[in-house]
Amino acid sequence: MTDWRPSSGPESAARRAAMLRRLRDHFENASILEVETPALSFAAASDVQIESLEVRSVLSDQPLYLHTSPEFCMKRLLAAGYPDIYAISRVYRDGECGHRHQPEFTMVEWYRLGYQLAAIVDDALQTIAAGLGDPKLARNAVVIDYRDAFVRTLGVDPVTATIDELAGAAEADLSLRTALGDERDGWLDLLLSTKVAPGFLHDRLTVLQHYPASQSALARICPADTNVADRFEVFIGPLEIANGYVELTDAALQAIRMESDRTTRERRGQPLRPRDESLLAALRHGLPPCAGVAMGLERLQMVHDKTDDIRNVIPFLFEDRDE
């Protein structure tokens with residue numbers, strides 16, 4: 001018999017609603033405008049770490065894609081002259097399901113015009129603290145550079161270490177070495193998730209900033225150090241709850257990165273997706289200097305509710321389907 005009952009109760013829904021009220025109050029007090037963006041697009045994110053869900057429509061002979069983030073459309077709004085903006089959106093990512101992931105979840109994303117890295121990091125901390133209703137979290141946060149975190153935890157420099165050194169730090173056996181090969185960023189991601197992040201304090205926020213330039217995604221390269229990008233993530237313990245950038249505004253460089261992603265996808269046998277030409281056109285028109293943050297609402301509630309399982313904070317799971 002199919003179990004139709006929700007996985008979480010009205011108390012969890014009430015806590016979620018209270019978090020949303022606090023977040024909206026926070027954004028309103030900061031004069032940040034709420035916007036909505038479409039979930040369907042003919043283009044998809046090129047990021048090799050993210051897979052889009054493809055859908056079909058009788059209105060088109062081409063596939064459509066459910067957005068993995070409202071980011072591209074929000075940048076088009078900024079390029080068109082919108083002020084600071086935020087969106088609270090349902091987003092979709094294929095292949096992500098487990099204790100920390102669901103293929104459908106809620107993302108809180110916002111952009112601040114003219115913000116540099118230190119300012120957007122502080123803004124993210126203030127927003128997270130507001131959502132959790134705990135101001136001291138922002139005051140007591142730890143901010144550390146990605147490179148320093150690796151050196152302190154593992155004694156290896158993520159910028160200069162050889163693949164053998166990274167594999168040694170991961171205590172990798174032959175099968176893992178074969179699986180990851182010479183994928184430097186794959187080794188770094190593995191070390192971050194299994195060795196570095198587990199050492200972050202569980203009672204305070206940790207900001208990991210200045211990711212390697214090879215992991216810049218949609219962030220600009222740091223003006224003071226071309227080895228790193230103006231990208232950061234916010235953790236509490238090992239749980240990542242937000243990801244932010246000082247945004248790349250150069251259309252030509254963004255197109256090069258998209259093509260590089262496509263090459264990597266082709267090499268790995270991942271699906272190839274149409275790139276977002278509207279985003280590139282908006283960048284060519286002129287995206288003003290800005291910085292943005294994306295935060296998972298369910299992850300934030302996991303912190304609030306003191307649970308390590310995302311399934312405790314949502315009423316309907318991807319697994320809840322008829323056999």
Atom of [X], atom of [Y] and distance for their closest heavy-atom approach:
| X | Y | answer |
| --- | --- | --- |
| Gly292 | Tyr111 | CA-CD2, 3.6 Å |
| Leu218 | Glu71 | CD1-OE2, 2.9 Å |
| Arg76 | Ala282 | CG-CB, 3.8 Å |
| Trp187 | Ile163 | NE1-CG2, 3.7 Å |
| Leu287 | Thr249 | O-CG2, 3.5 Å |
| Arg177 | Gly168 | NH2-N, 4.0 Å |

Kindly write out the residues that satisfy salt bridge (charged side-chain N to carboxylate O under 4.0 Å, His left out) with [X], not counting sequence neighbours, or none if the list is empty.
| X | answer |
| --- | --- |
| Asp276 | none |
| Asp134 | Lys136 |
| Glu183 | Arg267, Arg268 |
| Arg257 | none |

[atom1] ([X]) with more than 12 external heavy atoms under 6.0 Å:
| X | atom1 | value |
| --- | --- | --- |
| Asp250 | CG | yes |
| Glu54 | CD | yes |
| Asp182 | CG | no |

Apply side-chain contact (heavy atoms from CB on, under 4.5 Å) to residues Ile144 and Leu208 and explain how you reach the verdict. CA-CA 5 Å; Ile144 184 171; Leu208 191 65; 3.9 Å; yes
So if you build clusters from Ile, Leu, Val, Met, Phe, Trp, Tyr with side-chain heavy-atom gaps below 4.5 Å, do Ile120 and Phe235 land together? no
Look up atom [atom1] in [X] and atom [atom2] in [Y], then write down how far apart they are to the nearest 0.5 Å.
| X | Y | atom1 | atom2 | result |
| --- | --- | --- | --- | --- |
| Leu283 | Lys75 | CG | NZ | 7.0 Å |
| Arg273 | Arg262 | CZ | CZ | 11.0 Å |
| Thr68 | Phe105 | OG1 | CZ | 8.0 Å |
| Met295 | Leu300 | CE | CG | 5.0 Å |
| Leu205 | Asn140 | CG | CG | 9.0 Å |
| Met74 | Ser69 | CE | OG | 8.0 Å |

Using the ring-ring contact (aromatic ring centres under 6.0 Å, His included) rule, collect all pairs that involve residues 203-230, keeping only residues at least two apart or in two chains. Tyr146-Tyr211
For residues 46-102, the ring-ring contact (aromatic ring centres under 6.0 Å, His included) pairs (sequence neighbours left out) are Phe27-Tyr86
Side chain [X], main chain [Y], donor-acceptor under 3.5 Å:
| X | Y | answer |
| --- | --- | --- |
| Arg220 | Ala229 | no |
| Arg265 | Asp47 | yes |
| Arg184 | Pro158 | yes |
| Arg299 | Glu240 | yes |
| Ser57 | Leu59 | yes |
| Ser60 | Arg56 | no |
| Ser216 | Pro212 | no |
| Trp110 | Ala124 | no |
| Gln270 | Val48 | yes |
| Asp173 | Leu176 | yes |

With sequence neighbours left out, which residue pairs that include part of [range] fulfil the side-chain hydrogen bond (donor to acceptor under 3.5 Å, both in side chains) condition?
| range | result |
| --- | --- |
| residues 149-158 | Arg147-Asp157 |
| residues 277-297 | Arg275-Glu277 |
| residues 10-23 | Ser12-Gln301, Arg15-Asp305, Arg16-Thr106, Arg16-Glu298 |

How would you list all residue pairs meeting salt bridge (Lys or Arg N to Asp or Glu O under 4.0 Å) that involve residues 25-37, not counting sequence neighbours? Arg24-Glu34
Return each pair, listed once, that meets salt bridge (Lys or Arg N to Asp or Glu O under 4.0 Å) where at least one residue sits in residues 106-120; pairs must be two or more places apart or across chains.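 Every salt bridge (Lys or Arg N to Asp or Glu O under 4.0 Å) pair that includes a residue of residues 106-120, provided the two are not neighbours, is Asp84-Arg112, Arg112-Asp123.
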Cut-off 3.5 Å, side chains only: do Asp164 and Thr162 have a donor facing an acceptor? no
Check against side-chain contact (heavy atoms from CB on, under 4.5 Å), Ile236 and Thr206: CA-CA 6 Å; Ile236 189 157; Thr206 296; over 6 Å; no
Considering only heavy atoms from C-beta outward, does the side chain of [X] approach that of [Y] to under 4.5 Å?
| X | Y | result |
| --- | --- | --- |
| Thr127 | Val293 | no |
| Val142 | Val207 | no |
| Phe232 | Asp230 | no |
| Ile32 | Pro83 | no |

Would you sort out whether Ile314 and Leu317 count as a side-chain contact (heavy atoms from CB on, under 4.5 Å), showing the intermediate values? CA-CA 7 Å; Ile314 53 177; Leu317 307 175; 3.5 Å; yes
Go through the steps to decide whether Arg93 and Glu51 satisfy the test salt bridge (charged side-chain N to carboxylate O under 4.0 Å, His left out), and finish with yes or no. CA-CA 6 Å; Arg93 298 187 176 187; Glu51 291 297 348; over 6 Å; no
Residues in side chain to side chain donor-acceptor pair (under 3.5 Å) contact with Gln215, at least two apart in sequence or another chain: Asp185
Would you mind checking if Glu171 and Lys195 are paired as a salt bridge, meaning a charged N to carboxylate O distance below 4.0 Å? yes
Check the pair Val313, Ile310 against side-chain contact (heavy atoms from CB on, under 4.5 Å), reporting the backbone distance first and the verdict last. CA-CA 6 Å; Val313 301; Ile310 196 172; 4.2 Å; yes
